[in-house]
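Written out below as structure tokens is the structure these notes cover.
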Amino acid sequence: MMRCSDRLLCSLFLAAALFGVAAAATRRHDWDISYQFTSPDCVRKLAVTINGHTPGPTIRAVQGDTIVVNVKNSLLTENVAIHWHGIRQIGTPWADGTEGVTQCPILPGDTFAYTFVVDRPGTYMYHAHYGMQRSAGLNGMIVVEVAPGAAGDGEREPFRYDGEHTVLLNDWWHRSTYEQAAGLASVPMVWVGEPQSLLINGRGRFVNCCSSPATAASCNVSHPDCAPAVFAVVPGKTYRFRVASVTSLSALNFEIEGHEMTVVEADGHYVKPFVVKNLNIYSGETYSVLITADQDPNRNYWLASNVVSRKPATPTGTAVLAYYGGRRNSPRARPPTPPPAGPAWNDTAYRVRQSLATVAHPAHAVPPPPTSDRTILLLNTQNKIGGQIKWALNNVSFTLPHTPYLVAMKRGLLGAFDQRPPPETYAGAAAFDVYAVQGNPNATTSDAPYRLRFGSVVDVVLQNANMLAANSSETHPWHLHGHDFWVLGHGAGRFDPAVHPAAYNLRDPIMKNTVAVHPFGWTALRFRADNPGVWAFHCHIEAHFFMGMGIVFEEGVERVGELPPEIMGCGKTRGGH
């Protein structure tokens, strides 16, 4: 019998045993995080890079592998933390990479090793989780393949393809994240504004690059950093495009000109296939789509991303689908047609229909528990606190403590955060008008966590509402760390707990880690609180989380093993490195 003298090795051994994967490998990466001058949209500016590049390298692994990423912080004057988005961190909650929740940040000059098992195949991402650093360029993709033999005697996956490409969608600003954060905290608030460019695999084109006085001196339209990304296909072959959105603000619509896309995966779970002309994708989501290269091979085609759900002020982001083998075609030739403009930006019904069409593959559906033990109803509103504009849940705007929750709870530091339970619902829920401006916009702040009974089944209903301005409501993509949840339903208007649960999809709901709450609507999800640790749940729009749109769940912390000392050293653990 093995004796577990090493906390980390034990956690990883047990995780690998649970996944039932033989001969798992350990994949090591050494990353140096630094600021470098880059020109992703042809305008030169500082970006947070990994080994000098943004986006960072794609992490490729096989289900059950152990990933070790040695991160050296060379930012000199700035902390860093990296979140492995979609990886559940079973047995390693301290590796989730969420500053203030699971770890103290990595200080300038320090090195920290993130070590964790990738337990499930699929398409995922990583990104900074410190301040608003994600929008500065620290991001990339994670691709986990099915382990040999893991799918039994049948096909390894419920679809086939001849080749694959990874597509990372992003939005890009010329102002630094420091300027953006300072503006959000100002009175009056200075909003971040719409992005200057949309990037595909870190490349785009600022349309006013050389003509704008603000960028003319730093513009270089021939810089290799902003040459469009090229995706090569061979006529007649079928390709899997793994698409991830790491945007800081924008909801996007993704299209491959002239090619229908079959949606087959969402957030690491197989989807009942459905065909779309274009794909709505929200920040924090990942999808796999299949296309067949069945168009005229003597020309190239656009990949296009367009802003939806917000009135666009950013040009289409583009890349090139290049047919190889055409007699009159160059791989880098510009397509002869204008880039697709996408659907109407404010067609909410179209986007809701796509959300409802995303259900589990019949052969891979995991039925949810038929009932829940607890329901938390969260009203999402825009508020004012001390003159500052904030976002709040049930009239409480979230703030991160100086001591990470995981550390504080394991070490009994009760004074590190608010011990009072946060509200489970909101005042006047039975008659609240989600279409009206609130009569009283004032709110409070708190860092109190929601404590969940370990193993219990929890429903969360996210209720969207009108903002401070009349006739305004935005799409909010919500991401849950440490779990996948069942998406039980979407609806318009006010959620009625006496009526709407009867229409929940309990037959084949898709499991995800990120889901959209549409304007003036609600989204219901269900998860099992069975992963010991402390987990953030928040809007994936960078500015919104910065302004308080988030909460934290605690479950089974007493089951978490001894914490690595490297995650300490801030707040009440200062000096505990």
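Only a predicted model underlies this, so the values are computations on that prediction, with no experimental measurement involved.
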Inset, instruction - Check the side chains of Thr123 and Thr286 for a donor-acceptor pair under 3.5 angstrom, ignoring hydrogens and angles. - result: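 Absent: no donor and acceptor within the cut-off.
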Once you round to the nearest 0.5 Å, how far does [atom1] of [X] lie from [atom2] of [Y]?
X: Ser248; Y: Asn170; atom1: OG; atom2: CG; result: 6.0 Å
X: Trp478; Y: Leu525; atom1: CH2; atom2: CG; result: 10.0 Å
X: Ile291; Y: Ile256; atom1: CD1; atom2: CD1; result: 4.0 Å

[Y] and [X], any side-chain heavy atoms less than 4.5 Å apart:
X: Leu400; Y: Val101; result: yes
X: Asn505; Y: Leu488; result: no
X: Tyr126; Y: Ile87; result: no
X: Phe537; Y: Ile376; result: no
X: Asn139; Y: Met125; result: no
X: Leu249; Y: Pro195; result: yes
X: Glu542; Y: Val192; result: no
X: Phe485; Y: Val458; result: no

Show the nearest heavy-atom pair for residues [X] and [Y], with the distance to one decimal.
X: Tyr114; Y: Ala95; result: CD2-O, 3.6 Å
X: Thr58; Y: Thr166; result: OG1-OG1, 4.4 Å
X: Asn513; Y: Asp267; result: N-OD2, 3.1 Å
X: Val552; Y: Ala536; result: CG2-CA, 4.2 Å
X: Ala266; Y: Thr358; result: CB-CG2, 4.3 Å
X: Val560; Y: Pro93; result: CG1-CG, 3.9 Å

Could you tell me whether a side-chain N or O of [X] sits under 3.5 Å from a main-chain N or O of [Y], the two making a donor and an acceptor?
X: Arg559; Y: Pro532; answer: no
X: Asp447; Y: Phe417; answer: no
X: Trp191; Y: Met189; answer: no
X: Gln463; Y: Leu377; answer: no
X: Glu285; Y: Val246; answer: no
X: Asn464; Y: His476; answer: no
X: Glu99; Y: Tyr130; answer: no

Sequence neighbours left out, what passes ring pair (Phe, Tyr, Trp, His ring centres under 6.0 Å) with [X]? Give chain and number order.
X: Phe398; result: none
X: Phe454; result: none
X: Phe432; result: Tyr426

Exactly one of Asn278, Thr316, Asn253 should register a side chain to side chain donor-acceptor pair (under 3.5 Å) with Asn306. Which one does?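 Exactly one option meets the side chain to side chain donor-acceptor pair (under 3.5 Å) with Asn306, and it is Thr316.
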Testing Arg240, Glu157, Glu164 one by one against Ser288 for a side chain to side chain donor-acceptor pair (under 3.5 Å), which residue passes?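 It is Arg240; the other options fail the test.
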Mind checking side chain to side chain donor-acceptor pair (under 3.5 Å) for [X] and listing every partner two or more places apart, or none if nothing turns up?
X: Thr247; result: Ser245
X: Gln180; result: none
X: Ser355; result: His518
X: Thr523; result: His490

Checklist line | Check ion pair Glu265-Arg120 (N to O, under 4.0 angstrom) | finding: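 Looking at Arg120 together with Glu265, the answer is no, because their closest N to O distance does not fall below 4.0 Å.
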_Ion pair Lys272/Asp508, N-O distance below 4.0 Å_ =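 No salt bridge links Lys272 with Asp508.
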Report task. Determine whether more than 12 heavy atoms belonging to other residues, nucleotides or ligands lie under 6.0 Å from atom CG of Asn440. Result ->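 More than 12 within 6.0 Å, yes.
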Residue pairs involving residues 424-444 (criterion salt bridge (charged side-chain N to carboxylate O under 4.0 Å, His left out); sequence neighbours excluded):
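Pairs touching residues 424-444 that pass the test: Arg374-Glu424.
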Residue pairs, two or more places apart or on separate chains, that pass salt bridge (charged side-chain N to carboxylate O under 4.0 Å, His left out) and touch residues 460-475: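 Pairs touching residues 460-475 that pass the test: Arg310-Glu474.
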Applying side-chain hydrogen bond (donor to acceptor under 3.5 Å, both in side chains), which residue pairs with at least one partner in residues 531-540 are found, sequence neighbours left out?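 For residues 531-540, and leaving out neighbouring residues, the side-chain hydrogen bond (donor to acceptor under 3.5 Å, both in side chains) pairs sorted by first residue read His85-His540, His127-His540, His129-His538, Ser283-His540, His481-His538.
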Query - side-chain hydrogen bond (donor to acceptor under 3.5 Å, both in side chains) contacts touching residues 386-405 (sequence neighbours left out) - result: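 Only Asn383-Asn395 qualify under side-chain hydrogen bond (donor to acceptor under 3.5 Å, both in side chains).
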- Task: Would you please classify the geometry between the Trp522 ring and the Phe495 ring as parallel, tilted or perpendicular, with 30° and 60° separating the classes?
- Result: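 Because their plane-to-plane angle is over 60°, the rings of Phe495 and Trp522 count as perpendicular.
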Donor-acceptor contacts, no H, no angles, side chain residues 361-372, under 3.5 Å, sequence neighbours left out:
unit_1	atom_1	unit_2	atom_2	d
His361	ND1	Ala363	N	3.1
Ser372	OG	Asp459	OD2	3.3

